[in-house]
Each structure stands twice: as C-alpha cells, then as structure tokens.
Amino acid sequence: MSNDERIELAELLFPNIKHDRNYYENMYPERKLKEGAMVTRFGPSPTGFVHMGSLFGSFCDSVFAKQSNGIFYLRIEDTDQKRSIENGIDGIFSDLDAFDIVPDESSIVGGEYGPYIQSERTEIYQTYVKDLIIRGYAYPCFMTEEEIAAIREEQEINKTKLGIYGVYAVDRDLSLGEIKEKLNNSEEYVIRLKSPGNSKNEVEFIDLVKGKIKFPENDMDLVLLKKDGTPTYHLAHVIDDHLMHTTHVIRGDEWVSSIPLHIQLFDILGFDRPQYVHTAPITKKDDGGIRKLSKRKDPEAKVSYYDEVGIPIDAVKLYLATILNSNFEEWYLNNSEKSIDDFTFSFDKMAVGGTLFDLDKLNNISKTYFSRKSGEDVYNETLAWANKHDLEYAKLLEENKDDMIKFLSIEKDGPRPRKDIAKYSDVKEEFSYAIDSMFIEENYAKNESNKVYDINLVLDYINNYLDLNVTNEEWFNKVREFAVENGYAATPKEYKKNPDDYKGHVGDICEAIRVMITGRMKSPDLFSIMRVLGKSRILDRIDLYSKIYK
RNA sequence: GCUGCCAUCGUCUAAUUGGUUUAGGACGUCGCCCUUUCACGGCGGAGAUUACGGGUUCGAGUCCCGUUGGCAGUACCA
C-alpha cells in the first residue's frame, strides 16, 4: 500500500478522528516534578471488589510515589464492558479508602492528565491508531473467530507457536481495494498491530525487581482495537502511561511475558519506555499445589474480610509491608515508635518469587500492633469497629467507657506491654469480665476449670484483708500472709517441695479470686483488675458465684 | 507445545554481591526459666546435606550448563 493509500484507509476507518497525536502530546505535557519523583498508577478493572493482590499492588504504588514525593494516580481500566460490574468503580474507591490508600489523581479527585477512566479515552486511543495505520504499523483484520480457531488448531497440531503472526496474519497485506470491498460488505474487523519484529532477534529489558530479562522479539500481530473500537489492555497501557507520564509501571508479574509487545509499542509510537516493576503474586497452598489467592475460594483474599473479622487495617498494611520488603519486619521490631511511612522501601528488597499468604504471621503482627497502642486507643478503635459490626457491644462499650479504658490499659506501660489481642473481636472475649451487664452466670461455665473454689475463704480475704489503696507489691505480700495463715504455702516452690504440708499455695488463692471475679483462669494482673472493679463489685461477683456453686 | 520467571528450615526470608556459614533472623512449633494465672520477656530444642546432577575456581547458597519441579503468559480479559 502506498503512503496515500494508507492515509485514505485511515480516513476511511476513522472519519471522526479529527485531531492528530500532537494535539494530545501538547495537552499532556511532561509533569513538573522533582528529580527522582516516581509517578505510579493503579489500574484496576471494575470487575468486583479489590482483593489482596491488587491491594498489595496499590499499596506498592502509593508507597513508592509517596516516599519519592511523586504522584500516585488511579486509572480505571474498564475497556472490557462485558466484565465490568455495576458499582464496580465505587467498590474500588471504598476498598482503597478503607485502607487509607489515597490516589493523588483519579476520576473522583480529578487531575491534569485525565480522563482517568479508559472508557472515556477512546478517541485518544483511536487517534494514535489512526497514526499507526498511516505509518503502516497497523491494519484492519477481518478474520472471523472460526478462522482464528482453525489456525490455532493447526498450530497446535504442528506444535508451533500459537497466535497471529507471519503467514498466519492473512490480512496484514490486504490491498486498499480488498479492504474497501470487505468494508462495503460490512464485514466486522479489528485493528491489529503490523508487527515489525522478528522472533529470531532478542530484546532485553530491565525489570526493577527481577533484573535483566531477555525475550525473543515480538512478531505477533496482536489486536490493538477490538471490534467495537475499544482498545486492548496493551494499547491502553502504552498510550495512557505515556500520556500520563508514569515513570514506574508496577503490576503483577503475569504481565512480564507481554513485555516484548509493550516495548515494541512504545518504540513504534516513539514514546520513552517507563521503568517496569513486576511484583510476585500472593499465593496459597491448595491440594498440594500453589495458586494465586483467589477471591472466589479464599475469604482472606477479600479485602473486606479483615475488617469483618476485626483485624486492624494498619495491621494488614504492616503485613503487606513485611512482604513488600524483606528488611521491613526487623526494622519495625526495632523501631517501636515508628510507622510504615518512616520506612524507605526499595525495589531490590522485593521478592522475586511468589509469597504464600501467612495468616499466622499476620496475626502476630496484629498482636504487636495492639500491644503498642494505648488502652485508650484500643478502646476507640474497638468501639469504631463494633459500631460497624457489633452494635450491641458498641453500646456496652460506650456505657462502660472509663472502666474499659482502665482495663485495656492494664500492663500496657513499660517496655514489655501485654500482647494478647490480635483482633477487635478478641476484646469482647478477652475482656468479658470488664462489663457488669455482660458478667452473667454463663461466664463461669467458660472458665475451663472444673474446680469449685472455697467461697468462705475468699470472702474472708476480701472482707478482712483486702486494701485497694496500696501498691501491687504490698498487696501481694498481704495475700501471702493470708495464705500462710490459712495453711497455704507462701510460694509455689515451697508447696512443690512438700505438697503434703499445705492445702495449696498463694497461686491457688489468687486463682480462686480470679475465677470468681473474672470468670476466667487467665487474666491480666489481678490486683489491677480488682482496683478497677472496687470492693462492692467484687463482692457482687462473689455473690453471683456463690449462687451457682453453693 | 512454545516463551519467560522462580527454586535456602513448615512459612516469609538473610547471607556485606565468590571468601570463617557448625547456613543467620522472624512467624509457627516444642521444652525450660521468670511468675499469683495468662500474655510478655529470657534461654534452649527440633526443623535447610541451600531441588538434583555436572562444571568453573584455591574457594560456590552465590557464576555456567543440564535435569526435575513450581508458577505465569500464550484472548477481540485485564
């Protein structure tokens, strides 16, 4: 086809495209950012809610943009209208928002480089494709699905590479006359790349996490515009990331094999290539095999799962940070005052292979997260959570605010704070003794002890020995005295030496008190609990206990 | 089939870029200690002949080749 014929073809195919590419090049000039600032983007399809994998991706995007004083923007990739679901976009925004991942530019907050929804950029894509046709790098392809399937079958039998390339790209050299004829017959077509590549040549590129990768050059005539004039991911990626001036394309590593195509497209279009960062998937063991975490099969893949179960969002982010950079975990352990924002992430500390999702680790991270929070913070966060997921409990929390904070603050100060809560829902369980109205008979059934304790002994102690206005040490010494007077050993050690000489030891007395006033065998510091409760509530509980066990 | 990536304790990983490594840490697990219980903390154990085989080298977890295994892509889906 001659130059003039290609221009004629381009006009024929895209009569409505009036601008040329310079129009857009001028409309979206280079960003004015500091040296080293990264421009990253998250490009979800509105096909459902955000899952762990894409949350991880967007977390990377935002972290690297933030720490380099760059820009993180969100681009909705909805070029496949068949898969898009209703409210899909809203779901993405609300999920990201819940994790405090805030794009600097998006279809909601706007920005100079929009529109940020691909379905609104069709004209832009077509402008560039029109240019490609004029320059002989693209052509209309009229192959039907059946024809393509037949080719594929043939290729499978011959065990050659699958796809439309070389001799299989039957429409790549159609004459203008032939094309016109098909157009007049209203045959449907797509626009394919007329790949200038040769698979015998090698292309090389640097991936910032995987390093140098070599591929055979792309020689496939891949689809650029679909039958409906909408772009494929490949085309949209190249044009958008160029026009929006993305510096670092961070995406899942299922894309690495398309790299030869993408860099070819960048080159043909005369764009600078971005840096590529391909991240390993988060995986899960399943039936002996390993697969990506799946929204369908794994509840923990759903980002909303964590909120439902009561794992703090920041704990999840902390976990994401530990799988993002292998040196983060140790840093966080050694910097108890710092937060994720204080850590400098780097691409070379990212895992190359897939990472198995480890709920145990998340749990542990969540526990240390809680241990570093003050009682008041734990209270406030738990209340906020309960307001969403357990209104009844939320009400009780509000009614018992002062007490709750006191209980939650026990053994919180000092270098080794308590580390017993992993989820907001644990608070209700672990602190079941904290709220009077929840402290009912059934509580005692849960104390996992079959023992029946000596009520009179405990009453004697409470009435005649307990002084709540002393130090913990003074208090415990008193308990010791009381124990000895009643035939109990002062220490467990003494008891163990001569068990026959005693009825038991101090610990047994504490256990009796603990079970009666908390309903549990385990609790934070007993004396602290008693101080919060006060004598009369202690007596009430003993009274309740005696009703059941007498 | 073709193309590419990956391979260190159950899991996540470290190993100053080939040089005291009896391969380090964290999570999990087990035991002991601390202790009025639990949690925390401390100490310790089990758990990896660095997938396997060859090569280069004075020296290999680290470099090269092969094998095996896992993963991904191979769409008018992203």
Side-chain angles (χ1 to χ4, degrees), chain A residues 43-45 47 77-80 82-83 118 141 143 145 148 152 155-164 188-192 199 207 210-211 213-216 220 222-234 236-237 251-260 278 280-281 283 285 289-292 319 322-323 326-327 329-330 333 349 351-365 367-368 371 411 414-421 430 449 475-476 479-480 483 491-493 505-515 518 520-527:
Chain A
S45 309
T47 54
E77 311 209 330
D78 60 344
T79 54
D80 185 9
K82 290 184 291 280
R83 296 205 316 154
Q118 287 183 333
C141 169
M143 292 167 102
E145 262 177 65
I148 293 172
R152 192 196 163 87
Q155 288 169 332
E156 267 168 5
I157 291 166
N158 296 338
K159 297 192 170 174
T160 52
K161 192 170 59 173
L162 272 24
I164 303 303
E188 291 187 314
Y189 64 93
V190 298
I191 304 290
R192 301 191 98 105
S199 61
D207 181 278
K210 294 181 194 288
I213 300 177
K214 281 183 192 163
F215 270 100
M220 302 263 198
L222 281 131
V223 172
L224 263 20
L225 288 180
K226 300 178 234 174
K227 202 159 54 184
D228 62 3
T230 262
T232 55
Y233 170 85
H234 308 293
H237 150 55
R251 43 144 68 154
D253 67 3
E254 68 268 22
W255 289 113
V256 293
S257 45
S258 322
I259 282 281
H278 287 101
T283 58
K285 261 204 177 112
I290 293 171
R291 39 152 257 250
K292 264 196 200 179
Y319 177 67
T322 82
I323 54 180
S326 52
N327 50 338
E329 185 179 12
E330 197 187 349
L333 247 25
K349 286 288 180 186
V352 184
T355 299
L356 275 185
F357 188 74
D358 189 348
L359 256 169
D360 276 331
K361 194 117 184 174
L362 208 204
N363 225 43
N364 180 268
I365 287 170
K367 273 188 182 173
T368 82
S371 74
E411 290 173 282
R416 295 199 300 268
R418 279 192 81 77
K419 204 172 160 183
D420 48 0
I421 298 169
E430 291 292 318
S449 151
W475 163 77
F476 191 61
V479 181
R480 278 220 159 101
T491 65
K493 263 184 193 157
H505 60 82
V506 251
D508 294 324
I509 293 183
C510 290
E511 184 179 306
I513 302 170
R514 174 174 286 113
V515 169
T518 70
R520 350 173 78 236
M521 297 275 284
K522 315 165 192 169
S523 82
D525 179 63
L526 221 207
F527 186 56

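A note on names: the letters A, B, ... follow the listed sequences, proteins ahead of strands, and every chain is numbered from 1.
In this structure, NZ of Lys367(A) is placed 10 Å from P of G41(B), rounded to the nearest angstrom.
Counting only distance, with no hydrogens or angles, the side chain of Tyr319(A) and the backbone of Leu359(A) share no donor-acceptor pair below 3.5 Å. Within the 3.5 Å criterion, the main-chain N or O of Gln118(A) finds no donor-acceptor partner in the side chain of Glu77(A). Thr283(A) places a side-chain N or O within 3.5 Å of a backbone atom of Thr355(A) that can act as its donor or acceptor partner. The backbone N or O of Val352(A) sits less than 3.5 Å from a side-chain atom of Lys210(A), completing a donor-acceptor pair.
Note on Lys226(A): a side-chain N or O is less than 4.0 Å away from OP1 or OP2 of A78(B).
Interface remark: the Lys361(A) side chain does form a donor-acceptor pair with the A26(B) base, using a distance-only criterion of under 3.5 Å. Between the base of C38(B) and the side chain of Arg418(A) there is a donor-acceptor pair shorter than 3.5 Å. Side chain Arg520(A) to base U37(B): no donor-acceptor pair is found below 3.5 Å.
When distances are taken from the side chain of Lys493(A) to each of A78(B), U35(B), U37(B), the shortest belongs to U35(B). Of the candidates A78(B), U37(B), C34(B), U37(B) carries the atom nearest the Arg514(A) side chain, counting heavy atoms from C-beta on.
On the C1' atoms, U13(B) is 29 Å away from G55(B), given to the nearest whole Å.
In this structure, Arg291(A) reaches neither bases nor backbone, as no heavy-atom distance under 4.0 Å exists between it and the strands shown. As judged by a 4.0 angstrom heavy-atom cut-off over every strand, Ala351(A) is placed among residues touching the sugar-phosphate backbone only. Nucleic acid contact for Ser523(A): base, since at least one base atom lies under 4.0 Å from a heavy atom of the residue.
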For nucleotides 2-10 of chain B, give me every protein contact, N/O to N/O, under 3.5 Å, one pair per line with atom names.
none

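Applying the Watson-Crick and G-U wobble criteria (two distances, each under 3.5 Å), C9(B) pairs with nothing in any strand.
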